[in-house]
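Encoded as structure tokens, the structure appears first; notes follow it.
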Amino acid sequence: MDKVRNPFAPGAGSQPPELAGRDRILDDAKIAVQRVIRGKPTLSQILLGLRGVGKTVLLNKIEQIAEEHGHLTSIIAAPEGVPLPTLIYPRIHQVLHKLSVVEQARISTFNAMRALRGFASVFKVEIGDFALSVDPETGTADSGNIEYDLAELFVKVGEAAKAAGRGWTLLIDEIQYIGDQDYAALIVAIHRVNQKGLPVLFFGAGLPQVAALSGDAKSYAERLFSYRSVGALDQKSAELAIRNPIEEEGEQIELDALHAIVGKTRGYPYFLQEWGYQAWDTADRSPIDVVDVDQSSQKALQRLDDGFFRVRFDRLTPREREYVCAMAKLGDGPYKSGDVAEMMKEPPNKLGPMRASIIKKGMIYSPSYGDIDFTVPLFGEYLVRNWIKASAPGG
Ligand SMILES: Nc1ncnc2c1ncn2[C@@H]1O[C@H](COP(=O)(O)OP(=O)(O)OP(=O)(O)O)[C@@H](O)[C@H]1O
Ligand SMILES: [Mg+2]
């Protein structure tokens with residue numbers, strides 16, 4: 001069929017033609033952004049899910065919703081190992097810059113700018129292009145204790161936003177890369193603005209490995225955050241994700257072809273986009289039938305193996321690859337660390353540091369104590385397809 005009109009959008013963060021099965025999350029976000037601007041107690045949301053389930057797409061959508069409801073927004077994709085002050089400084093600077101033109105927010109914005117300046121200097125943020133012309137306000141957000149200072153800074157930003165009649169929504173993607181201490185500080189800061197009824201809201205998204213929180217941050221997180229798991233789409237939503245975009249282009253797909261796609265992808269959003277894309281391109285004419293789907297499967301798998309899966313695999317060292325292959329040889333997860341060690345013929349305690357390093361890379365996670373599993377759906381099957389059969393037949 002006409003490749004130019006192919007509606008599907010496989011790719012990290014690509015807006016899908018049909019954002020299926022996420023109405024609850026989006027409706028809750030709509031309510032939250034409106035409540036917080038009215039000073040009502042509001043839960044921030046943390047979206048947790050495996051690779052390719054649509055977390056980034058959801059965060060982008062929530063950012064749009066927040067903007068539509070009068071919020072200034074800051075969206076950050078956390079890279080590995082960058083401290084939170086460095087990430088957040090330019091974003092807050094931007095927000096304050098926008099607020100500074102609002103007459104009734106002049107004074108509170110100026111105060112927030114000064115707090116930001118103090119914050120930047122105590123955390124040694126490279127300010128470069130974002131240098132501020134204000135003097136720091138000594139004694140505000142500059143103690144050097146991030147838990148304390150971030151909260152003070154957020155309060156100042158919240159007060160400026162409130163004075164302007166706006167809200168501020170902070171969205172952080174890949175939160176698993178935020179260090180535990182920074183994450184705890186973020187939670188304490190959200191707690192503080194919440195207590196004061198300031199219009200500040202936080203949305204996070206990341207892999208389902210919950211940070212090892214302790215103390216105040218832990219108890220606040222349980223009360224302030226609603227943790228939502230984002231997973232594969234259910235049958236109906238997965239069908240919608242494929243059928244609607246095709247019909248919107250004025251074409252059709254047969255029911256058994258639709259079922260075949262949902263079956264092969266198990267409803268995982270990234271895979272749905274890839275299969276939908278290849279099935280469309282493979283079909284000579286509408287309606288797309290089950291033969292088209294079968295024919296396109298090879299190509300869809302190949303593309304995933306060369307891209308989505310491969311980029312993850314490439315980040316591992318040779319020993320780490322042995323580790324994940326040992327997991328895959330055990331069949332479907334979750335896996336017991338002890339079983340993996342046995343498969344590798346190593347004492348379990350020797351593998352602890354390697355397992356930790358693979359977790360840090362975001363390749364595996366611990367769904368519950370003593371268990372591990374892949375963060376990439378169907379990764380075990382990828383390994384079997386590409387890396388195990390050849391080197392260890394039948395193993
Ligand atoms: N609700 C949905 N319905 C259909 N397709 C979707 C949906 N959500 C996301 N997708 C598609 O899935 C793919 C992956 O989306 P996205 O990059 O947001 O996932 P992610 O969870 O952020 O993945 P990662 O953990 O790798 O960053 C994209 O091609 C996107 O178009
Ligand atoms: Mg993402």
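Just so it is clear, the structure is predicted and the values come from calculations on it, not from any experiment. Indexing begins at 1, ligand by ligand and atom by atom, following the structure's order. The chain is numbered in sequence order, starting from 1.
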Greater than 12 external heavy atoms within 6.0 Å of [X]'s [atom1]:
X	atom1	result
R223	CZ	yes
E342	CD	no
Q181	CD	no
K299	NZ	no

Query - Test of ring centre spacing under 6.0 Å for W168 and F154 - result: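 Close enough - the centres of the two rings lie under 6.0 Å apart.
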
Query raised in the report: What about the rings of Y220 and F225, do their centers lie closer together than 6.0 Å?
Result: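 No, they do not, as the ring centres are separated by 6.0 Å or more.
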
Can you sort out which atoms of ligand 1 are near [X], meaning under 4.0 Å from one of its heavy atoms?
X	value
A12	17 (O)
G13	16 (P), 17 (O)
T56	18 (O), 20 (P), 22 (O), 27 (O)
E174	27 (O)
A9	28 (C), 29 (O), 31 (O)

Are any of the side-chain nitrogens in [X] or [Y] under 4.0 Å away from the carboxylate oxygens of its partner?
X	Y	answer
R385	D305	yes
R319	E322	yes
D339	K336	no

Tell me, which protein residue and heavy-atom name are nearest [atom], and how many Å apart are they?
atom	answer
atom 25 (O) of ligand 1	K55 NZ, 2.7 Å
atom 10 (N) of ligand 1	P269 CB, 3.5 Å
atom 14 (C) of ligand 1	Y270 CD1, 3.6 Å
atom 23 (O) of ligand 1	G52 N, 2.8 Å

Of the side chain and backbone of [X], name the one, both, or neither that has a heavy atom under 4.0 Å from an atom of ligand 1.
X	result
R22	side chain
P10	backbone
D173	neither
Q273	side chain
E18	backbone
R312	side chain

Ligand 1 contacted by [X] (non-hydrogen, < 4.0 Å):
X	result
L19	yes
G11	yes
L233	yes

Query raised in the report: Should one rank V57, L47, L48 by closest heavy-atom distance to atom 18 (O) of ligand 1, which comes out on top?
Result: V57

Requested in this report: Select the closest option to atom 2 (C) of ligand 1 among A20, P17, S14, G54, judged by heavy-atom distance.
Outcome: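 Shortest heavy-atom distance from atom 2 (C) of ligand 1: A20.
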
Query - Reported CD1-to-CD distance for the pair I75 and Q64, which is rounded to 0.5 angstrom - result: 11.0 Å

Requested in this report: Cation-pi check, R321 to F313: give yes when NZ or CZ is under 6.0 Å from the six-membered ring centre and within 45° of the ring axis, no otherwise.
Outcome: yes

Query raised in the report: Does NZ or CZ of R91 fall inside the cone over Y89's six-membered ring, less than 6.0 Å from its centre and within 45° of the axis?
Result: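 No cation-pi geometry.
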
Requested in this report: Evaluate side-chain contact (heavy atoms from CB on, under 4.5 Å) for I372 paired with R355, printing each intermediate quantity in order.
Outcome: CA-CA 9 Å; I372 45 169; R355 188 189 55 203; 3.7 Å; yes

Query - W280 vs I246, side-chain contact (heavy atoms from CB on, under 4.5 Å): CA-CA, chis, key distance, verdict - result: CA-CA 8 Å; W280 173 289; I246 294 173; 4.3 Å; yes

Query raised in the report: Has ligand 1 got any nitrogen or oxygen that is less than 3.5 angstrom from a nitrogen or oxygen of V53?
Result: yes

Query raised in the report: Out of Y335, Y268, F374, which one pairs with F379 under the ring pair (Phe, Tyr, Trp, His ring centres under 6.0 Å) rule?
Result: F374

Query raised in the report: After noting the C-alpha distance and the side-chain angles of F309 and Y382, does the key distance pass the ring pair (Phe, Tyr, Trp, His ring centres under 6.0 Å) rule?
Result: CA-CA 7 Å; F309 292 123; Y382 158 77; 4.9 Å; yes

Requested in this report: Return the set of protein N, O or S atoms whose distance to the Mg ion (ligand 2) is under 2.8 Å, each given as residue and atom.
Outcome: T56 OG1

